[in-house]
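Take a look at the structure below.
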Amino acid sequence: MSDKINYELEFVIQSSPQMLYQYISTPSGLSEWFADNVNSRGEKFTFIWDGSEEVANLLKKKSDEFIRFAWEDDDDDCYFELRIKVDDITSDVSLFISDFADEDEVEEGKLLWTNQISSLKQVLGSA
């Protein structure tokens, strides 16, 4: 069992769920905001930042709703998930991030996601 703890963040995004899903689930979409470059071969996604590579396996996905990845070098029970939710009353679109980090790295993880989602919003014209 992992010592990492799960944390969640919510970001309101001005976008359709369909468009947002393309940016969180495809290599070309992820390359625009999450990493310098993203390649995929089947269920294996390679994320490239400043010349270093991290490989994540696609665990689950549901079109226009969510995608879940697990880093290859992480513990078996850890993952990161991007989930799209639409408010039934206001029709606001939110992106929920669920991730794991060591207790002393949770704030750093939240800050990293906040910066990444800021980039995503700029790409979408939602900033």
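These numbers come from a predicted model, not from an experiment. The basis for the numbers below is simple: all heavy atoms, side chains too, and nothing from hydrogens, waters or symmetry mates. The chain is numbered in sequence order, starting from 1.
Residues Phe34 and Leu9 share a single hydrophobic cluster, defined by chaining ILVMFWY side chains whose heavy atoms lie under 4.5 Å apart. Cluster annotation: Ile48 is not connected to Val38 through the hydrophobic network of ILVMFWY side chains, with a link wherever side-chain heavy atoms come within less than 4.5 Å. With hydrophobic clusters built from ILVMFWY side chains whose heavy atoms lie under 4.5 angstrom apart, Ile24 does not share a cluster with Val55. Cluster annotation: Leu82 is not connected to Phe66 through the hydrophobic network of ILVMFWY side chains, with a link wherever side-chain heavy atoms come within less than 4.5 Å.
Here the straight-line distance linking atom CD of Gln22 with atom OG of Ser16 works out to 9.0 Å at 0.5 Å rounding. Taken from CG in Asn57 to OG in Ser40, the straight-line distance is 12.0 Å, to the nearest 0.5 Å. In this structure, CD in Gln18 is found 8.5 Å from CD1 in Ile84, a value given to the nearest 0.5 Å.
Within the 4.5 Å cutoff, side-chain heavy atoms of Asn37 are placed close to those of Ser31. You'll find the side chain of Ser126 reaches within 4.5 Å of the side chain of Ile13, heavy atoms only. When side chains are defined from C-beta on, Leu95 does not count as touching Tyr23, because their heavy atoms never get closer than 4.5 Å. The closest side-chain heavy-atom distance from Lys4 to Asp102 is below 4.5 Å.
Partners of Lys85 by salt bridge (charged side-chain N to carboxylate O under 4.0 Å, His left out), not counting sequence neighbours: none found. With sequence neighbours left out, Ser98 forms a side chain to side chain contact (heavy atoms under 4.5 Å, CB included) with Asn6, Glu8, Tyr79, Glu81. Remark: Thr90 pairs with Asp87, Asp92 by the side chain to side chain donor-acceptor pair (under 3.5 Å) rule, at least two apart or across chains. With sequence neighbours excluded, the residues that form a salt bridge (charged side-chain N to carboxylate O under 4.0 Å, His left out) with Glu72 are Lys44. For Ser94, the side chain to side chain contact (heavy atoms under 4.5 Å, CB included) partners are Glu10, Val12, Phe96, not counting sequence neighbours.
For Trp33 (side chain) and Ser118 (main-chain N/O), no donor-acceptor pair under 3.5 Å exists by modelled atom type. Not a single donor-acceptor pair under 3.5 Å links the side chain of Glu54 to the backbone N or O of Phe47.
Ring to ring, Phe45 and Trp71 are not that close: their centroids are 6.0 angstrom or more apart.
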Phe80 and Asp74: side chain to side chain contact (heavy atoms under 4.5 Å, CB included), yes or no, with the steps?
-> CA-CA 11 Å; Phe80 66 99; Asp74 238 350; over 6 Å; no

Give the intermediate values and the outcome of side chain to side chain contact (heavy atoms under 4.5 Å, CB included) for residues Ser15 and Val93.
-> CA-CA 7 Å; Ser15 170; Val93 176; 5.5 Å; no

Side chain to side chain contact (heavy atoms under 4.5 Å, CB included) evaluation trace for Ile67 with Leu58 | CA-CA 8 Å; Ile67 188 156; Leu58 174 63; 3.3 Å; yes

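Taking a 6.0 Å sphere around NZ of Lys61, one finds it holds 12 or fewer heavy atoms contributed by other residues, nucleotides or ligands.
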Kindly list each side-chain donor-acceptor pair under 3.5 angstrom involving residues 103-114, sequence neighbours excluded, with atom names and distances?
| from | atom 1 | to | atom 2 | distance (Å) |
| --- | --- | --- | --- | --- |
| Trp113 | NE1 | Asp99 | OD2 | 2.8 |
| Thr114 | OG1 | Lys110 | O | 2.8 |

